[in-house]
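Side-chain atoms are counted along with the backbone in the values below, which use heavy atoms only and exclude waters and symmetry mates.
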Amino acid sequence: MGLYSSYYTYGLPTFLAVVTALYLLFTGSGEAFNVGQFLEETSPYAWAATGIGLCIGLSVLGAGWGIFITGASILGGGVRAPRIRTKNLIRCVSLQPSAFPTSPCSSIIFCEVVAIYGVIIGIVYSARMSFVSPTLIYTRENYFTGYALFWGGLTVGACNLLCGVSVGIAGSTAALADAADPDLFVKILIVEVFGSIMGLFGLIVGLLMISQASEFTAAVAPAVVSPFVH
(Lines give C-alpha, C1' and ligand atoms only; values in the text may rest on other atoms or scores of the structure.)
Protein backbone atom coordinates (compact mmCIF):
# COMPACT_ATOMS: atom_id res chain seq x y z
CA MET A 1 0.00 0.00 0.00
CA GLY A 2 2.87 2.35 0.76
CA LEU A 3 4.26 2.03 -2.78
CA TYR A 4 0.90 2.71 -4.42
CA SER A 5 0.24 5.60 -2.05
CA SER A 6 3.59 7.21 -2.92
CA TYR A 7 2.92 6.70 -6.62
CA TYR A 8 -0.47 8.40 -6.58
CA THR A 9 0.87 11.19 -4.35
CA TYR A 10 4.06 12.05 -6.22
CA GLY A 11 4.54 9.88 -9.30
CA LEU A 12 1.21 10.35 -11.06
CA PRO A 13 1.08 14.19 -10.81
CA THR A 14 4.71 14.40 -11.97
CA PHE A 15 4.02 12.08 -14.90
CA LEU A 16 0.97 14.08 -15.98
CA ALA A 17 2.88 17.37 -15.72
CA VAL A 18 5.76 16.05 -17.83
CA VAL A 19 3.42 14.63 -20.49
CA THR A 20 1.49 17.90 -20.67
CA ALA A 21 4.69 19.94 -20.92
CA LEU A 22 6.10 17.75 -23.71
CA TYR A 23 2.81 17.91 -25.62
CA LEU A 24 2.73 21.71 -25.51
CA LEU A 25 6.42 21.88 -26.41
CA PHE A 26 6.19 19.67 -29.49
CA THR A 27 2.96 21.26 -30.71
CA GLY A 28 4.42 24.76 -30.70
CA SER A 29 2.63 25.99 -27.57
CA GLY A 30 5.54 25.90 -25.17
CA GLU A 31 5.02 29.55 -24.26
CA ALA A 32 1.96 28.46 -22.26
CA PHE A 33 4.39 27.67 -19.42
CA ASN A 34 5.24 31.32 -18.91
CA VAL A 35 5.54 32.14 -15.22
CA GLY A 36 6.09 35.82 -15.90
CA GLN A 37 2.89 36.02 -17.92
CA PHE A 38 0.95 34.39 -15.11
CA LEU A 39 2.36 36.78 -12.51
CA GLU A 40 1.68 39.85 -14.63
CA GLU A 41 -1.81 39.03 -15.80
CA THR A 42 -3.10 38.05 -12.35
CA SER A 43 -4.69 40.98 -10.56
CA PRO A 44 -3.10 42.08 -7.27
CA TYR A 45 -6.60 41.82 -5.82
CA ALA A 46 -6.60 38.10 -6.58
CA TRP A 47 -3.25 37.61 -4.80
CA ALA A 48 -4.37 39.61 -1.76
CA ALA A 49 -7.78 37.96 -1.45
CA THR A 50 -6.27 34.48 -1.84
CA GLY A 51 -3.70 35.22 0.86
CA ILE A 52 -6.34 36.41 3.30
CA GLY A 53 -8.50 33.37 2.57
CA LEU A 54 -5.58 30.98 3.08
CA CYS A 55 -4.61 32.73 6.31
CA ILE A 56 -8.02 32.37 7.92
CA GLY A 57 -8.89 29.03 6.34
CA LEU A 58 -5.67 27.21 7.27
CA SER A 59 -5.73 28.69 10.76
CA VAL A 60 -9.27 27.50 11.40
CA LEU A 61 -8.37 24.12 9.90
CA GLY A 62 -5.41 23.80 12.27
CA ALA A 63 -7.55 24.78 15.26
CA GLY A 64 -10.29 22.33 14.34
CA TRP A 65 -7.81 19.54 13.70
CA GLY A 66 -6.11 20.11 17.04
CA ILE A 67 -9.40 20.24 18.94
CA PHE A 68 -10.49 17.03 17.24
CA ILE A 69 -7.30 15.22 18.29
CA THR A 70 -7.13 16.42 21.87
CA GLY A 71 -10.90 16.42 22.43
CA ALA A 72 -11.17 12.74 21.58
CA SER A 73 -8.46 11.90 24.10
CA ILE A 74 -10.03 14.05 26.80
CA LEU A 75 -13.39 12.35 26.36
CA GLY A 76 -11.77 8.92 26.23
CA GLY A 77 -9.63 9.57 29.28
CA GLY A 78 -12.63 10.95 31.11
CA VAL A 79 -14.13 7.46 31.14
CA ARG A 80 -11.31 6.31 33.39
CA ALA A 81 -10.71 9.56 35.24
CA PRO A 82 -13.87 11.71 35.34
CA ARG A 83 -11.92 14.59 36.86
CA ILE A 84 -10.43 15.47 33.45
CA ARG A 85 -13.77 15.72 31.66
CA THR A 86 -14.56 18.82 29.62
CA LYS A 87 -16.63 20.28 32.46
CA ASN A 88 -13.27 21.52 33.76
CA LEU A 89 -13.45 24.16 31.04
CA ILE A 90 -15.55 26.27 33.41
CA ARG A 91 -12.80 26.16 35.99
CA CYS A 92 -10.20 26.75 33.30
CA VAL A 93 -11.58 30.16 32.33
CA SER A 94 -12.72 31.16 35.81
CA LEU A 95 -10.94 33.54 38.09
CA GLN A 96 -9.10 30.71 39.86
CA PRO A 97 -5.53 30.84 38.54
CA SER A 98 -4.63 27.54 40.15
CA ALA A 99 -7.22 25.70 38.06
CA PHE A 100 -5.57 26.40 34.70
CA PRO A 101 -2.28 24.48 34.98
CA THR A 102 -3.98 21.26 36.05
CA SER A 103 -6.85 21.15 33.59
CA PRO A 104 -6.40 19.40 30.22
CA CYS A 105 -8.89 21.75 28.60
CA SER A 106 -5.98 24.20 28.25
CA SER A 107 -5.24 22.22 25.07
CA ILE A 108 -8.64 23.24 23.68
CA ILE A 109 -7.94 26.89 24.48
CA PHE A 110 -4.46 26.74 22.91
CA CYS A 111 -5.96 25.28 19.73
CA GLU A 112 -8.67 27.94 19.63
CA VAL A 113 -6.08 30.69 19.97
CA VAL A 114 -4.55 29.47 16.70
CA ALA A 115 -7.77 30.34 14.86
CA ILE A 116 -7.84 33.74 16.57
CA TYR A 117 -4.33 34.44 15.25
CA GLY A 118 -5.55 33.83 11.70
CA VAL A 119 -8.61 36.04 12.13
CA ILE A 120 -6.47 38.89 13.53
CA ILE A 121 -4.05 38.75 10.61
CA GLY A 122 -6.96 38.52 8.17
CA ILE A 123 -8.46 41.72 9.59
CA VAL A 124 -5.09 43.50 9.44
CA TYR A 125 -4.53 42.38 5.85
CA SER A 126 -8.01 43.34 4.69
CA ALA A 127 -7.31 46.94 5.76
CA ARG A 128 -4.74 47.13 2.93
CA MET A 129 -7.35 46.38 0.28
CA SER A 130 -9.01 49.50 -1.06
CA PHE A 131 -10.95 49.87 -4.29
CA VAL A 132 -8.93 50.85 -7.35
CA SER A 133 -10.11 50.91 -10.93
CA PRO A 134 -9.01 47.78 -12.83
CA THR A 135 -7.20 49.94 -15.38
CA LEU A 136 -5.13 51.65 -12.66
CA ILE A 137 -4.36 48.71 -10.39
CA TYR A 138 -1.34 47.34 -12.26
CA THR A 139 1.48 49.29 -10.64
CA ARG A 140 4.70 48.18 -8.99
CA GLU A 141 3.46 49.18 -5.54
CA ASN A 142 0.18 47.31 -5.92
CA TYR A 143 1.95 44.23 -7.25
CA PHE A 144 4.21 44.30 -4.18
CA THR A 145 1.24 44.66 -1.83
CA GLY A 146 -0.63 41.81 -3.51
CA TYR A 147 2.34 39.45 -3.35
CA ALA A 148 3.11 40.43 0.24
CA LEU A 149 -0.47 39.75 1.35
CA PHE A 150 -0.51 36.42 -0.46
CA TRP A 151 2.75 35.04 0.88
CA GLY A 152 2.19 36.56 4.30
CA GLY A 153 -1.23 34.94 4.54
CA LEU A 154 0.13 31.61 3.33
CA THR A 155 2.95 31.75 5.88
CA VAL A 156 0.63 32.58 8.77
CA GLY A 157 -1.88 29.93 7.72
CA ALA A 158 0.77 27.22 7.37
CA CYS A 159 2.31 28.08 10.75
CA ASN A 160 -1.08 28.02 12.45
CA LEU A 161 -2.01 24.74 10.77
CA LEU A 162 1.13 23.02 12.05
CA CYS A 163 0.75 24.72 15.42
CA GLY A 164 -2.81 23.44 15.81
CA VAL A 165 -1.80 19.88 14.97
CA SER A 166 1.20 20.10 17.31
CA VAL A 167 -0.88 21.39 20.21
CA GLY A 168 -3.57 18.80 19.51
CA ILE A 169 -1.15 15.88 19.65
CA ALA A 170 0.63 17.23 22.73
CA GLY A 171 -2.72 17.95 24.40
CA SER A 172 -3.94 14.44 23.61
CA THR A 173 -0.87 12.97 25.30
CA ALA A 174 -1.29 15.35 28.23
CA ALA A 175 -4.91 14.28 28.75
CA LEU A 176 -4.06 10.57 28.74
CA ALA A 177 -1.06 11.13 30.99
CA ASP A 178 -3.20 13.16 33.39
CA ALA A 179 -5.74 10.35 33.50
CA ALA A 180 -3.00 7.89 34.45
CA ASP A 181 -0.89 10.10 36.72
CA PRO A 182 -1.87 13.70 37.61
CA ASP A 183 1.77 14.57 38.31
CA LEU A 184 2.75 14.10 34.66
CA PHE A 185 0.39 16.71 33.22
CA VAL A 186 2.40 19.79 34.17
CA LYS A 187 5.56 18.32 32.64
CA ILE A 188 3.81 17.61 29.34
CA LEU A 189 2.10 20.99 29.43
CA ILE A 190 5.51 22.65 29.02
CA VAL A 191 5.94 20.91 25.66
CA GLU A 192 2.44 21.97 24.68
CA VAL A 193 3.17 25.61 25.51
CA PHE A 194 6.27 25.61 23.30
CA GLY A 195 4.21 24.09 20.49
CA SER A 196 1.60 26.82 20.78
CA ILE A 197 4.27 29.51 20.46
CA MET A 198 4.84 28.52 16.81
CA GLY A 199 1.55 30.17 15.92
CA LEU A 200 2.74 33.39 17.52
CA PHE A 201 5.92 33.23 15.45
CA GLY A 202 3.80 32.95 12.31
CA LEU A 203 1.75 35.97 13.37
CA ILE A 204 4.92 38.05 13.88
CA VAL A 205 6.37 36.98 10.52
CA GLY A 206 3.08 37.83 8.81
CA LEU A 207 3.16 41.34 10.24
CA LEU A 208 6.80 41.81 9.20
CA MET A 209 6.07 40.73 5.63
CA ILE A 210 3.55 43.54 5.10
CA SER A 211 5.40 46.21 7.10
CA GLN A 212 6.58 47.87 3.87
CA ALA A 213 3.38 47.22 1.89
CA SER A 214 0.99 50.13 1.41
CA GLU A 215 -2.70 50.15 0.58
CA PHE A 216 -3.79 49.67 -3.00
CA THR A 217 -3.58 53.05 -4.72
CA ALA A 218 -4.48 54.15 -8.21
CA ALA A 219 -1.74 55.13 -10.60
CA VAL A 220 -1.30 58.87 -11.18
CA ALA A 221 -1.31 58.21 -14.92
CA PRO A 222 -2.79 55.14 -16.62
CA ALA A 223 -0.54 52.27 -15.66
CA VAL A 224 1.60 50.60 -18.28
CA VAL A 225 -0.29 47.34 -18.41
CA SER A 226 1.47 44.16 -19.39
CA PRO A 227 0.61 42.99 -22.93
CA PHE A 228 -0.55 39.75 -21.34
CA VAL A 229 -3.37 41.51 -19.43
CA HIS A 230 -6.59 41.65 -21.43
Output a table of donor-acceptor pairs, distance under 3.5 Å, between side-chain atoms of residues 161-171 and any protein atom two or more places apart or on a different chain; print 'none' if there are none.
none

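Contact check for Trp47 versus Leu149: no side-chain heavy atoms found under the 4.5 Å cut-off. The shortest side-chain heavy-atom distance between Ser43 and Tyr138 falls under the 4.5 Å cut-off. When side chains are defined from C-beta on, Tyr125 counts as touching Ile121, because their heavy atoms get closer than 4.5 Å. In this structure, the side chains of Val124 and Leu207 come closer than 4.5 Å at one or more pairs of heavy atoms. The shortest side-chain heavy-atom distance between Val156 and Met209 does not fall under the 4.5 Å cut-off.
No chain of hydrophobic side-chain contacts below 4.5 Å, direct or via other Ile, Leu, Val, Met, Phe, Trp or Tyr residues, connects Phe201 to Val191. Note: the hydrophobic cluster containing Val19 does not contain Phe26 (ILVMFWY, side chain heavy atoms under 4.5 Å, direct or indirect links). Under a hydrophobic-cluster definition in which Ile, Leu, Val, Met, Phe, Trp and Tyr are linked whenever side-chain heavy atoms come within less than 4.5 Å, directly or via other members, Leu208 and Leu200 are assigned to the same cluster. Both Ile204 and Tyr117 are members of a single hydrophobic cluster when ILVMFWY side chains are connected at heavy-atom separations under 4.5 Å. Under the 4.5 Å side-chain heavy-atom criterion for grouping Ile, Leu, Val, Met, Phe, Trp and Tyr, Phe144 is not connected to Leu136 through any hydrophobic cluster.
Within the 3.5 Å criterion, the main-chain N or O of Pro44 finds no donor-acceptor partner in the side chain of Tyr147. Using modelled atom types, no side-chain atom of Arg128 and backbone atom of Ala48 make a donor-acceptor pair closer than 3.5 Å. Between the side chain of Thr27 and the backbone N or O of Tyr23 there is at least one donor-acceptor pair closer than 3.5 Å. The backbone N or O of Ile67 sits nowhere less than 3.5 Å from a side-chain atom of Thr70 that would complete a donor-acceptor pair. A donor-acceptor pair is defined here as one N or O able to donate and one able to accept, closer than 3.5 Å; no such pair exists between the side chain of Asn160 and the backbone of Val60. Of the possible polar contacts, one joining the Thr145 side chain to the Ser214 backbone as a donor-acceptor pair under 3.5 Å is found.
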Q: Begin from the C-alpha positions of Phe150 and Leu54 and carry the test side-chain contact (heavy atoms from CB on, under 4.5 Å) through to its verdict.
A: CA-CA 8 Å; Phe150 173 78; Leu54 288 174; 4.0 Å; yes

(Q) Is there a side-chain hydrogen bond (donor to acceptor under 3.5 Å, both in side chains) between Thr139 and Asn142? Walk through the geometry before answering. (A) CA-CA 5 Å; Thr139 63; Asn142 292 339; 3.1 Å; yes

(Q) Is there a ring pair (Phe, Tyr, Trp, His ring centres under 6.0 Å) between Phe216 and Tyr45? Walk through the geometry before answering. (A) CA-CA 9 Å; Phe216 286 134; Tyr45 277 125; 5.0 Å; yes

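Thr42 and Tyr143 make their closest contact through O-CE2, 4.0 Å (heavy atoms, listed as atom of the first residue, atom of the second, distance). Here the closest non-hydrogen pair linking Gly118 and Ser59 is CA-OG, 3.3 Å. When all heavy atoms of Cys111 and Ala63 are compared, the pair lying nearest together is O-CB, 3.1 Å. The two residues Cys159 and Met198 come nearest to each other via the heavy atoms CB-O, 4.2 Å. Residues Thr50 and Ala46 share a closest heavy-atom pair of OG1-O, 2.7 Å.
With values rounded to the nearest 0.5 angstrom, Ile120 atom CD1 is found 11.0 Å from Ile56 atom CD1.
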